[in-house]
Amino acid sequence: MFRNAPRPALTLTLATAAIAASVAAEEGVPLFVDRGAELGVDFVHDNGMTGELYFAENMGGGAALFDADGDGDLDLYLGQGHRLAPAGDSAAAGGAADAPSDRLYRNDLDTGELRFTDITEESGLDARGYGMGVTVGDIDNDGDPDLYVLNLGPNELWRNDSEPGSIRFTNITAGSNTADPRWSAAASFFDLDADGLLDLFVGNYVEFRVAIHKTCSSPQGLRDYCGPKAYRDEANRVLRNRGGGIFEDWTFRLGIGDLKRPTLGTVATDLDGDGTTDIYVANDQSRNALLLNEGGASLLDDAVLAGAAVDAEGQPEASMGVLAEDFNGDGLVDLFMTHLQHQTNTLYLNEGDGLWDDRTRRSGLGQPSFVYTGFGAAALDYDLDGELDIYVANGAVKRIEEQLRAGDPHPLKQPNQLFRGLGNGRFEEVPGFERPAVSEVGRGVARGDLDNDGDPDLVVVNNGGPVRLLINEGEPDARAWVGVELRLPPAGEAALGRRALGAWLGVLDAGAARTWRRFHTDGSYASANDPRVIVAAPTGTPPTLIARWPDGATEIFQIASTGSYVTLVRGEGSPATADATP
């Protein structure tokens, strides 16, 4: 397990919500500016609303930030919906050739200016299912990221066949055993059995189809969207990678064949410090699951005994987005989840010895989130002060009466929130952080450095609305930084090894490892993140870094300079000393 002495919290004077954005920026409040339209991303999510209030309409969609062509900048994948209608309705898109497709935007930052170009058609990515989410991982160890697209209906596996100067994807779903026909909402790539191939955990939601649509009502007796309890839960799946683009279903073999809960979020990381990758599963209005990896032979749900299944009052919550990071600086992985209005979001701090404690009330995250429904979330150090912050995209799932009376056709809109980390698991809400300030139906959130300037940006997907590219234009407390990519050695004839998903990166300070960050693409809601880790260097001196690889082995790397991205490859560092080893 990681061990990390707590550091003193940094303080920042915040402007009040009434102060204009320009004044707020002068006071040190971050400024995220939506530049999506001007940067060429004109995507608008289509949930296919017909007035029938189908349950699935208000749940999508997701986004992925990933370097598709290996040119060092982040490309953008966005999942799309379409009209839902009963079978036999000729007017229904329903996945037909004329349905709107998911979109792929190439980042043209290498030309000298941040700009995105829609290359969906030329890339071969013709995904026309009812998109719910996406996850990213290198399934064939050739060094480039592949896509697993989650749908209401059969999922799709797209292999990355890009070459320098050309982004190409091939649909290899047929024959791969990955086309789960159910409503899939979350997934994580992870190496279950440490054989060097990425396996796949697929989180399925509920058994909804248009043919079994139910009519539900609000407490006031008005027609409204149903909740998950109106439908039967679906089972999750674990797909083991056999190589060659083929997966096999190991769900029952691993002992979780009866794990049927409405899953909306997953994260894969070593939760108990034994050198194997575990899975945390966030479920909607059902207890969450903490699946401990027993050497690749089984998965054991330890959430109830560990204190991570329900809230402090013993109640299951409507978990949507989920994050796994070290939020209090003690070197242990903690868990954060977004929830339904009037439940508050939840922070579980890892107590060590396999136990978690609900610290929501003391964290400062509870009360501000009480009136909102949170979906996507991102852990990011937006101001480079060394503390993790949390961004949450909000959007209701039950129609808001005031908006409904005003004639809003999609009355689920709520403002998003940003919480600044103060250290030791404490946070404060940041007012005036976004321009323009909007209330929309927030769903997926993907975090990544779109312009490679060393501070994290955000992509926010709005259900039935435009995507937002929130560029970080605030003034960080410390400008010196290092961006880090972690890779395993190349396999076979590949020029690059695959990204070391599940690894951790820390800063070595006075012989001790501090400021641990998880290297991952999963988490949030229905979305995939830039795995790269940004490390602040407050003194301007290049830091000494320690990598903890997925199997628990550690290495030390001395960074030569700041202000750029570097790639650290397993086996090229120095062995960690006993004092530095977490």
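What's counted below: heavy atoms across the whole structure, side chains too, no hydrogens, waters or symmetry copies. All values derive from a computational prediction rather than experimental measurement.
- Checking side-chain atoms of Asp272 against main-chain N and O of Gly354 turns up no donor-acceptor pair under 3.5 Å.
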The test is salt bridge (charged side-chain N to carboxylate O under 4.0 Å, His left out); show your working for Arg548 and Asp270 and say whether it passes. CA-CA 11 Å; Arg548 183 181 189 270; Asp270 186 356; 3.6 Å; yes
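- For Arg35 and Asp451, the salt-bridge test fails: no basic side-chain N is under 4.0 Å from an acidic carboxylate O.
- Annotation: cation-pi geometry satisfied between Arg532 and Tyr565 (NZ/CZ under 6.0 angstrom from ring centroid, within 45° of ring axis).
- Judged by distance alone, with hydrogens and angles left aside, the side-chain atoms of Asp455 form no donor-acceptor pair with the main-chain N or O of Leu384 at under 3.5 Å.
- Ring planes of Phe55 and Tyr231: parallel class, angle under 30° (limits at 30 and 60°).
- Between Arg361 and Glu313 there is a salt bridge, since a side-chain N of the basic residue sits under 4.0 Å from a carboxylate O of the acidic one.
- With hydrogens and angles disregarded, a donor-acceptor distance shorter than 3.5 Å links the side chain of Ser369 to the backbone of Asn345.
- Judged by distance alone, with hydrogens and angles left aside, the side-chain atoms of Asn472 form a donor-acceptor pair with the main-chain N or O of Pro456 at under 3.5 Å.
- Taking all atoms of both residues into account, the shortest heavy-atom contact from Leu152 to Ala56 is CD2-CB, 3.6 Å.
- Ion pairing between Asp191 and Arg498 holds under the 4.0 Å rule for side-chain N and carboxylate O.
- The distance from the OG atom of Ser319 to the CG atom of Leu335 is 10.0 Å, given to the nearest 0.5 Å.
- Thr277 places no side-chain N or O within 3.5 Å of a backbone atom of Phe190 that could act as its donor or acceptor partner.
- Under a 3.5 Å cut-off, the side chain of Asp381 and the backbone N or O of Leu388 do not form any donor-acceptor pair.
- Summarising the geometry, atom CG belonging to Asp138 is positioned 8.5 Å from atom CG belonging to Leu501; distances are rounded to the nearest 0.5 Å.
- A salt bridge does not link Glu434 to Arg468: none of the charged nitrogens lies less than 4.0 Å from a carboxylate oxygen.
- Remark: of the listed residues Lys413, Arg443, Glu440, His45, Glu440 is the sole one forming a side-chain hydrogen bond (donor to acceptor under 3.5 Å, both in side chains) with Asn462.
- Atom CG of Asp326 sits about 12.0 Å away from atom CZ of Arg518, to the nearest 0.5 Å.
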Walk me through it: do Leu299 and Asn293 pass the test side chain to side chain contact (heavy atoms under 4.5 Å, CB included)? CA-CA 5 Å; Leu299 292 172; Asn293 188 342; 4.1 Å; yes
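- Listed for the Arg261 side chain is a donor-acceptor partner under 3.5 Å among the backbone atoms of Arg287.
- Within the 3.5 Å criterion, the main-chain N or O of Gly366 finds no donor-acceptor partner in the side chain of Thr344.
- Here the options are Asn416, Leu458, Val460, the test is side-chain contact (heavy atoms from CB on, under 4.5 Å), and the partner is Phe32; only Leu458 passes.
- With Asn204 contributing its side chain and Ala235 its backbone, the two residues share a donor-acceptor pair below 3.5 Å.
- The ring of Trp356 has its center no closer than 6.0 angstrom to the ring center of Tyr280.
- Using a cutoff of 4.0 Å between basic side-chain nitrogens and carboxylate oxygens, Lys398 and Asp224 are not scored as salt-bridged.
- Each of Val535, Val566, Thr515 was checked for a side-chain contact (heavy atoms from CB on, under 4.5 Å) with Leu545, and the lone residue meeting it is Val535.
- A donor-acceptor pair under 3.5 Å is absent between the side-chain atoms of Arg517 and the main chain of Ile534, judged by distance alone.
- The distance from the CG atom of Asp311 to the CG atom of Asp358 is 6.0 Å, given to the nearest 0.5 Å.
- Outside the 6.0 Å centre-distance limit, the rings of Phe419 and Phe336 are not counted as a close aromatic pair.
- In this structure, a donor-acceptor pair under 3.5 Å is present between the side chains of His520 and Glu325.
- We find that Arg420 and Asp385 are joined by a salt bridge, their nearest charged nitrogen and carboxylate oxygen being less than 4.0 Å apart.
- The neighbour count for Gln367 CD, taken as heavy atoms of other residues, nucleotides or ligands under 6.0 Å away, does not exceed 12.
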